[in-house]
Amino acid sequence: MPARIAFLSFGSVMVVQQGTEPATDTEWRAFMADLSQKDLSQLRVLILTTGGGPTADQRVQLKHFMAGRSVRTAVVSDSIKMRFIIATIALINREHHGFTNRELGKAYEFLELTPTERTAAARAIKELARQLA
């Protein structure tokens, strides 16, 4: 069974790619464990998804983990379902914004990625897509 979520980090940037289905509980625990090792005050997260997002239970876990903190996060997706999920997570994380696939450049701008970080993010997106295939 292919992975439903894949992620990697470089510097203060985390890139997450998700398919059409939510992460399994095992995958979500691994993601949260990795996230818990990050300096949230400096972290910037780029999420690309074709429709999969955290389940209601996973959003509750995220809410408890965030504990009122914010992380600059850009979610890139053309999925209508993701618009709802983005809105609910924005209640937890005020710096959580959605972008369409055609607005990837705007997502990079929102995250204030340098040209070098943009190049690294593009490479990460390709690598993570292979992991989900």
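Note: hydrogens, waters and symmetry copies are ignored here, and every other heavy atom, side chains too, is used.
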Is [Y] reachable from [X] through a run of hydrophobic residues whose side-chain heavy atoms are each under 4.5 Å from the next?
X	Y	value
V13	L8	yes
V75	F65	yes
F99	L111	yes
I86	V76	no
L43	V15	no

(request) Give the ring-plane orientation class for F110 versus H97, where under 30° counts as parallel, over 60° as perpendicular and anything between as tilted. (result)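 Because their plane-to-plane angle is over 60°, the rings of F110 and H97 count as perpendicular.
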
Measure the [atom1]-[atom2] distance between [X] and [Y] for me, rounded to the nearest 0.5 Å.
X	Y	atom1	atom2	result
T24	R29	OG1	CZ	7.5 Å
N93	S70	CG	OG	4.5 Å
K81	T49	NZ	OG1	7.5 Å
L35	M66	CG	CE	7.5 Å
L62	T88	CG	OG1	9.5 Å
K63	L91	NZ	CG	9.0 Å

(request) Determine which pairs satisfy ring-ring contact (aromatic ring centres under 6.0 Å, His included) with at least one residue from residues 18-56, sequence neighbours left out, and list them in order. (result)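 Residue pairs passing ring-ring contact (aromatic ring centres under 6.0 Å, His included), neighbours aside: F7-F31, W28-F31.
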
(request) Salt-bridge test for R130 and E127: reply yes if a basic N is under 4.0 Å from a carboxylate O, no otherwise. (result)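 Looking at E127 together with R130, the answer is yes, because their closest N to O distance falls below 4.0 Å.
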
Whether the side chain of [X] engages the backbone of [Y] through a donor-acceptor N/O pair (distance < 3.5 Å, no angle test) should be reported.
X	Y	answer
R4	P22	yes
E109	E112	no
T50	T20	yes

(request) Starting from the C-alpha separation in whole Å, work towards a yes-or-no answer on side-chain contact (heavy atoms from CB on, under 4.5 Å) for D34 and M14. (result) CA-CA 10 Å; D34 191 75; M14 174 184 257; 3.0 Å; yes

For [X] and [Y], work out which heavy atoms get closest and say how close.
X	Y	result
A121	F10	N-CZ, 3.6 Å
I47	V45	CG1-CG1, 3.7 Å
A107	L46	CB-CD1, 4.2 Å
G53	I85	CA-CD1, 4.2 Å
G51	S77	N-OG, 4.3 Å

(request) Quick one: list whatever passes side-chain hydrogen bond (donor to acceptor under 3.5 Å, both in side chains) with T119, sequence neighbours left out. (result)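 For T119 there are no side-chain hydrogen bond (donor to acceptor under 3.5 Å, both in side chains) partners, ignoring immediate neighbours.
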
(request) Please name all residues satisfying side-chain hydrogen bond (donor to acceptor under 3.5 Å, both in side chains) with T100, sequence neighbours left out, ordered by chain then number. (result)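 Partners of T100 under the side-chain hydrogen bond (donor to acceptor under 3.5 Å, both in side chains) test: E103.
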
(request) Sequence neighbours left out, what passes side chain to side chain contact (heavy atoms under 4.5 Å, CB included) with Q17? Give chain and number order. (result)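 With neighbours one apart ignored, the set is L48, I125, L128, A129, L132.
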
(message) Please determine whether the number of non-hydrogen atoms from other residues, nucleotides or ligands lying under 6.0 Å from atom CZ of R83 exceeds 12.
(response)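 Counting other residues, nucleotides and ligands, CZ of R83 exceeds 12 neighbours.
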
(message) Within a 6.0 Å radius of atom CZ on F84, are there more than 12 heavy atoms belonging to other residues, nucleotides or ligands?
(response)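 Open: at most 12 neighbouring heavy atoms sit under 6.0 Å from CZ of F84.
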
(message) Running the 4.5 Å side-chain criterion over Ile, Leu, Val, Met, Phe, Trp and Tyr, what cluster does V60 land in, apart from itself?
(response)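 Listed partners: none, V60 stands alone.
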
(request) Only counting residues at least two apart or in another chain, list the ones meeting salt bridge (charged side-chain N to carboxylate O under 4.0 Å, His left out) with R44. (result)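 R44 satisfies salt bridge (charged side-chain N to carboxylate O under 4.0 Å, His left out) with E117 once adjacent residues are dropped.
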
